[in-house]
There are 2 protein chains.
Amino acid sequence: MSKFGRELIDSLKQAVKHAEGRKVAGMRVTVVEAPDVKAIRRSLRMSQQRFAASYRIPLATIKNWEQKRRMPDAPAAAYLRAIARKPKEVAEAVAG
Amino acid sequence: MSKFGRELIDSLKQAVKHAEGRKVAGMRVTVVEAPDVKAIRRSLRMSQQRFAASYRIPLATIKNWEQKRRMPDAPAAAYLRAIARKPKEVAEAVAG
DNA sequence: CCGAATGTACGCCATTGGCGCCCAATTGTC
DNA sequence: GACAATTGGGCGCCAATGGCGTACATTCGG
């Protein structure tokens, strides 16, 4: 069996799974749209540095999110949602 | 130069950097101890499923954290901290 | 003019997120 | 007691993210 042959078969298997309505492992389909980190931060009138410190997120990670180089994963997206809606409460909760 | 030789040299370079107090790229040193997800969840008297749903974290991720198979990354740790201290406020914030 | 602060951009790589699957333990419900 | 449902532990797999470094552009106050 050639390498090409194996790859072709794998592709077909995935296609079949798709057709069956099953999910293909390793294929992530983003359902919810990405939270706009920059908008959230700006609405709080904070620099990236202060925002990062206030919510205990590494500065580099904030930068990645704002530049759309990385998408916040599910827990991070939830966290950002919480921050966007109750900035003060969350900041207090993580402080100290 | 053999493969083993190169690897040995790289290891020595890292050791030198360590000795110099510099940080070695790619080597993560966890500073804060891992949050005890199970304890947090239990104190809220929720099943893994409800906890996951309430805070919008995939069930599999909760399992990984509780079984210590994965460590929550920095944003996740901050989120858990917020949850631990202001469970109701955070739950309300992420709901809807 | 220059240094500090802020933010954009990108490389690198170990670790995590996220998914599926299976199985044991616990908790109902008849 | 028997049976089904819920809960949670354990593990393999893979792409994507987290985290850190470095360099460069822009803004701003002295």
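Per chain, numbering begins at 1; letters A, B, ... match sequence-line order. Quick note: numbers below take in every heavy atom, side chains included, and nothing from hydrogens, waters or symmetry partners.
Taking both residues in full, the closest heavy atoms of B:L80 and B:P35 are given as CD1-CG, 3.8 Å, listed atom of the first, atom of the second, then distance. The two residues B:V94 and A:A82 have their closest heavy-atom pair at CG1-CB, 3.8 Å.
Look at A:W65 and you won't find any side-chain N or O under 4.0 angstrom from OP1 or OP2 of D:dT17. For the OP1/OP2 pair of D:dT7 and a distance below 4.0 Å, the side-chain nitrogens and oxygens of B:Q49 include at least one atom meeting the criterion. Look at A:Q48 and you'll find a side-chain N or O under 4.0 angstrom from OP1 or OP2 of C:dT8. Phosphate contact (OP1/OP2 of C:dG18, side-chain N/O of B:T61, threshold under 4.0 Å): present.
Ranking D:dG8, C:dG18, D:dG18 by closeness to the B:D73 side chain, first place goes to D:dG18. With distances taken from any side-chain atom of B:M71 to the nucleotides D:dG9, C:dT16, D:dG19, the minimum falls on C:dT16.
Looking at heavy-atom distances under 4.0 Å, B:K38 makes contact with sugar-phosphate atoms alone, never a base. Residue-level contact check: A:R41 touches the backbone only, with heavy atoms under 4.0 Å from sugar-phosphate atoms and none from bases.
Take the nearest nucleotide of DNA chain C for B:R69 and for B:K63: the residue whose nucleotide is more 5' is B:R69. Along DNA chain D, the nucleotide nearest to A:A76 and the one nearest to B:M46 differ in position, and the one closer to the 5' end is contacted by B:M46. Along DNA chain D, the nucleotide nearest to B:N64 and the one nearest to A:P72 differ in position, and the one closer to the 5' end is contacted by B:N64.
For B:I62 and C:dC19, the CD1 to P distance is 12 Å, given to the nearest whole Å. Atom-to-atom, CD of A:Q67 to P of C:dT6 comes out at 16 Å; the value is rounded to the nearest Å. Between A:L59 atom CG and D:dC20 atom C1' there is a gap of 11 Å when expressed in whole angstrom units. Look at CZ on A:R50: it is 16 Å from C1' on C:dG7, rounded to the nearest Å. The nearest whole Å value for the distance from the CZ atom in B:R70 to the C1' atom in C:dA14 is 12 Å. Straight-line distance from the CZ atom of A:R42 to the C1' atom of C:dG7: 9 Å, rounded to whole Å. Distance CD (B:E66) to C1' (D:dG10): 13 Å, rounded to an integer number of Å. Rounded to an integer number of Å, the gap from CD1 of B:I57 to C1' of C:dT16 is 14 Å.
At least one donor-acceptor pair under 3.5 Å links the side chain of B:R85 to the backbone N or O of A:A95. Side-chain N or O atoms of B:R56 include none that pairs as donor or acceptor with a backbone N or O of A:A78 at under 3.5 Å.
Classification of the A:Y55-A:Y79 ring pair by plane angle, with boundaries at 30° and 60°, yields perpendicular.
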